[in-house]
There are 2 protein chains.
Amino acid sequence: MSQNCRFAFAVHVLAVLAKRPDEACSSPWLAQTVNTNPVVIRRLLLDLAHAGFVRTERGPHGGARLRLSPERILLGNVLSSLEGTTLFGMHPRRPLSSCPVGCRIETVLDEVHDRARKALEKELNQITLADVLDRCQKA
Amino acid sequence: MSQNCRFAFAVHVLAVLAKRPDEACSSPWLAQTVNTNPVVIRRLLLDLAHAGFVRTERGPHGGARLRLSPERILLGNVLSSLEGTTLFGMHPRRPLSSCPVGCRIETVLDEVHDRARKALEKELNQITLADVLDRCQKA
DNA sequence: GATTATGTAATACTCCTTGTTACATTAATG
DNA sequence: CATTAATGTAACAAGGAGTATTACATAATC
């Protein structure tokens with residue numbers, strides 16, 4: 001799925017929000033705990049808001065809040081809410097089409113990728129945000 | 001797993017080798033059908049040979065041959081034989097350790113990653129190289 | 001209206017991955 | 001035994017995906 005860290009950031013942000021149910025967290029504040037830039041957080045929150053996990057508010061005292069209880073947030077759904085996350089890369093350059101394998105391998109690999117992704121999300125849906133919070137406590 | 005295309009290359013190469021059981025295939029030849037550089041293929045074959053999927057021979061008429069029948073080559077095992085393939089990236093910069101979540105999230109995410117990876121390999125092990133060849137025929 | 005936040009576009013930068021060159025090593029063959 | 005053709009491997013170049021940054025328009029609160 002890429003050396004893409006959006007999923008890690010998403011789980012982190014959601015966990016922090018779950019710990020602060022009474023106040024909206026601003027993107028600059030969240031960016032500090034994750035150690036990244038506020039804009040990166042905002043782009044992430046857009047995906048998470050679109051999927052219904054969080055709500056964002058503008059203006060003073062604005063920021064992001066969790067919309068669902070941690071028990072109802074499944075990591076597989078979090079993953080699928082994020083754009084631009086593929087499991088494995090395909091041929092960067094088109095394979096030789098005269099090769100009986102090469103001319104079909106991309107299609108076959110797409111099917112394999114779909115299957116893998118579904119299995120992955122199914123497994124990650126066994127883990128809730130509440131589970132993540134538990135694990136964070138038990139240091 | 002990275003925009004890493006090693007898995008795609010590996011499946012392609014193994015499929016080509018399966019189609020030519022009687023002759024060893026050289027890395028320049030394989031590189032052509034995959035459309036990459038011979039050295040990339042050789043590095044890949046090292047991993048595949050180490051896992052016992054192929055055998056390589058030096059000298060004239062050398063190259064790579066399949067050691068196992070396509071039915072016995074499971075894609076999950078192929079994936080795990082490749083080095084440098086992670087499912088998702090972690091925080092590129094260390095999260096704030098004073099954050100109760102941040103100081104533990106990396107460990108928790110590692111556990112999640114392990115679990116995800118095992119589930120993925122299990123699913124991919126339902127697919128054999130013979131299945132891939134079948135799908136390539138049915139154009 | 002001033003302040004503080006998000007939304008978003010455009011751009012810069014970094015690092016991973018792939019690709020390439022080069023050469024030592026090994027094996028077959030005439 | 002020299003020649004040829006292949007792998008093994010190191011070192012380096014190039015490319016691109018992804019992250020970070022800057023800037024500014026928009027919105028909401030006081």
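Naming: A, B, ... by sequence-line order, numbering from 1 per chain. This is a predicted model, so every value here is computed, not measured.
At a threshold of 4.0 Å, the pair A:Arg94-A:Glu106 counts as salt-bridged, since one of the basic side-chain nitrogens sits closer than that to a carboxylate oxygen. One finds a salt bridge joining A:Glu121 and A:Arg117 here, because a Lys/Arg side-chain nitrogen approaches an Asp/Glu carboxylate oxygen to under 4.0 Å. Under the 4.0 Å criterion applied to side-chain N and carboxylate O atoms, A:Arg65 and A:Asp22 are not assigned as salt-bridge partners.
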Exercise for the section: Could you give me the CA-CA distance, side-chain angles and deciding distance for A:Ile73 and A:Leu66, then say whether side chain to side chain contact (heavy atoms under 4.5 Å, CB included) is met? Expected result: CA-CA 10 Å; A:Ile73 295 183; A:Leu66 217 56; 3.9 Å; yes

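Residue-level contact check: A:Pro38 touches neither bases nor backbone, having no heavy atom under 4.0 Å from any strand. No engagement by B:Leu45 is indicated, since no non-hydrogen atom pair under 4.0 Å with the nucleic acid exists. Within 4.0 Å of B:Arg55, counting heavy atoms only, lies no atom of the nucleic acid at all.
Checking D:dT21, C:dA5, C:dT20 against the side-chain heavy atoms of A:Ser26 singles out C:dA5 as nearest. The side chain of B:Leu46 approaches D:dG8 more closely than any other nucleotide in the set D:dG8, C:dA5, D:dT21. Here the side chain of B:Ser27 is nearest to one of D:dT7, C:dT3, C:dT8, namely D:dT7.
Look at CD on A:Glu83: it is 12 Å from P on C:dT8, rounded to the nearest Å. The interatomic distance linking B:His61 (NE2) with D:dT7 (P) rounds to 13 Å, in whole Å. Rounded to whole Å, the distance from CG on B:Asn35 to P on C:dT18 is 14 Å. Between the CG atom of B:Leu48 and the P atom of D:dT7 there is a distance of 14 Å, given to the nearest Å. C:dT14 atom C1' lies 14 Å from atom CG of A:Asn37, rounded to whole Å. Look at CG on A:Asp47: it is 14 Å from P on D:dG18, rounded to the nearest Å. Rounded to an integer number of Å, the gap from B:Arg42 CZ to C:dG19 C1' is 13 Å. A straight line from CG of B:Leu44 to P of D:dT9 spans 15 Å, rounded to a whole angstrom.
Residue side chain A:Arg58 reaches the base of D:dT26 through a donor-acceptor N/O pair under 3.5 Å, judged by distance alone. Judged by distance alone with a 3.5 Å cut-off, no donor-acceptor contact links the side chain of A:Arg43 to the base of D:dG18. Put simply, the side chain of B:Arg6 and the base of C:dT17 share no donor and acceptor less than 3.5 Å apart.
Partner A:Val11 forms a side chain to side chain contact (heavy atoms under 4.5 Å, CB included) with one of A:Ile127, A:Leu79, A:Leu75 and no other, that one being A:Leu75.
Positionally, the nearest nucleotide of DNA chain D for A:Phe9 lies more toward the 5' end than for the other of A:Pro60 and A:Phe9. Both B:Pro92 and B:Pro28 lie close to DNA chain D; mapped to their nearest nucleotides by heavy-atom distance, the more 5′-ward contact belongs to B:Pro28.
In this model, the phosphate group of D:dT19 is approached by a side-chain N or O of A:Asn4 to a distance below 4.0 Å at OP1 or OP2. Taking 4.0 angstrom as the limit, B:Arg93 places a side-chain polar atom (N or O) nearer than this to OP1 or OP2 of D:dA20. Residue B:Thr56 places none of its side-chain N or O atoms closer than 4.0 Å to OP1 or OP2 of D:dT7.
A search for side-chain contact (heavy atoms from CB on, under 4.5 Å) contacts involving A:Ala8 returns B:His91, B:Leu109, not counting sequence neighbours.
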